[in-house]
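Presented below is the structure to which this report refers.
So that the names make sense, note that chain A is the first sequence line, chain B the second, and so on, each numbered from 1.
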Amino acid sequence: MFNICPVRQTLRQHKDRIFHCSKFPSANILVLKKQKRSGFKVLAVSVVENFGRLRLSNVDRSPRGIGPGKVQGNSSHSFEEFESNNYLRRLVRNGELEEGFKHLENMVYHGDIPDIIPCTSLIRGFCRIGKTKKATRVMEILEESGAVPDVITYNVLISGYCKSGEIHNALKVLDRMSVAPDVVTYNTILRTLCDSGKLKQAMEVLDQQLQKECYPDVITYTILIEATCKESGVAQAMKLLDEMRTKGCKPDVVTYNVLINGICKEGDWMRQSRTVGRAIDILEKMPKHGCTPNSLSYNPLLHGFCKEKKMDRAIEYLEIMVDIAVEILNQLSSKWCSPVLITYNTVIDGLSKMGKTERAMQLLYEMRERGLKPDIITYSSLVGGLSREGKVEEAIKFFKDLEGSGIRPNAITYNSIMLGLCKARQTDRAIDFLVYMVSKGCKPTESTYTILIEGLAYEGFT
DNA sequence: ATGGCTACGG
């Protein structure tokens, strides 16, 4: 009756029909066929324990486990409900949020219990497009249906409110949720409070968290350390670092990166080379604490060197970095932008600001040779450099080449050209450029107008 | 494909 399912892919194909059974905790049970009265016939069992990121739905937590060939705990639900949930999953996966919502309402109306996982995706989907109210409605329907939303479902809604700036509503959900919040819940809220400069309120939430015996983890401390760096300085943040260590929470590479960044951005550090020393110090001590620096560890330093106009040192670090960065490139490849690209951007921008656009151009060619694709930030820095140097015609030529090779300039790119034209007392051409920018569907920004107004004033047309 | 933390350009 139980066949071993040999291929992981087979499971993936049928992931909507995989169940878990408490009697065989390490087994995934693949159900393929409906059986008349008692639920579903078990066709295959796999012993794949860590099935990627897939979490099994319809988890059977009953201690009795399953009978031969049947999955209990699901047998009480109808096949219609099972299929209805499959349909909901499909809609949500295809991004058909409104259809999914209607279907959810409909299935609840028929007394079917919706699966919380597609509902969680639905909530996330509505939050993403700014429809937090609709997301809340999904949660209400879910709560009324007899399904039990888990902490993740609540976290998704809270995160949605946080991202749309509705901290008040996020806190309301926290207050009213029917399951205990976990450390992720608190981290989401703490992050948002810290970002909006409400460190004090964040500390109050932290107190509340501790009272509920939900303990901060490395991410909690990292969030607080970053905020403390900005609000009260690195020295204060270091105390938090000590505190987390004494509480047995080990700082990780992100924690150190946040501190390095804090030191590099600390006020007036440019005139106190000692502080740069402190940043390098942390960087060098990371391996002793069991952390390998990654390219994000170096970027703030590079940025610092670029601002300080110590380009030799910046380039020296760039070279150290490339090895490290390439190594972790795979690890981060899921992100839209590689760390090495940002590294080059930082240095190219630094050189451009010093008037060393030729050296910056060299780096552009170098990065291309290494198989890196420069992005709009790379090009904007170069356009800005040429404009500032007074080489507007060269900047415009470079700009035209970009357009020709299919790169779509953004407002910052256009602004750089206009700034160059205004500095060259050619505000009329800059205004023509504004017209061109708009005709290309690029919306001007506040800076656009500031640049043009200053240009006009500079030429005496106050 | 149910969740939380760091870096670049006007």
I want to verify a distance call: between B:dG10, B:dA7, B:dG9, whose nearest atom is closest to the A:N261 side chain?
B:dA7
With a 4.0 Å heavy-atom cut-off, tell me which residues in residues 445-457 of chain A come close to DNA chain B, sorted by residue number.
A:T445, A:S447
Applying salt bridge (Lys or Arg N to Asp or Glu O under 4.0 Å) to A:R191 and not counting sequence neighbours gives A:D195, A:E226
Note: contacts of residues 130-151 of chain A with DNA chain B (heavy atom, under 4.0 Å) are A:D150
Applying salt bridge (Lys or Arg N to Asp or Glu O under 4.0 Å) to A:K285 and not counting sequence neighbours gives A:D281
NA contact type, A:I116, heavy-atom cut-off 4.0 Å: base, sugar-phosphate, or nothing?
nothing
For the pair A:E393 and A:K400, find out whether any cationic side-chain nitrogen is under 4.0 Å from an anionic carboxylate oxygen.
no
What contact category does A:T346 fall into here, base, sugar-phosphate, or nothing, at under 4.0 angstrom with non-hydrogen atoms?
sugar-phosphate
A:Y414: partners by ring pair (Phe, Tyr, Trp, His ring centres under 6.0 Å), with sequence neighbours left out
A:F399, A:F433
Taking 4.0 angstrom as the limit, do A:K134 and A:E98 come out as a salt bridge?
yes
How would you list, by chain and number, every residue that makes a salt bridge (Lys or Arg N to Asp or Glu O under 4.0 Å) with A:E140, sequence neighbours excluded?
A:R137
Applying a 4.0 Å non-hydrogen cut-off, can you work out what A:V92 is touching in the nucleic acid: base, sugar-phosphate, or nothing?
nothing
Report which part of the nucleic acid A:V258 touches: base, sugar-phosphate, or nothing (heavy-atom distance under 4.0 Å, all strands).
sugar-phosphate
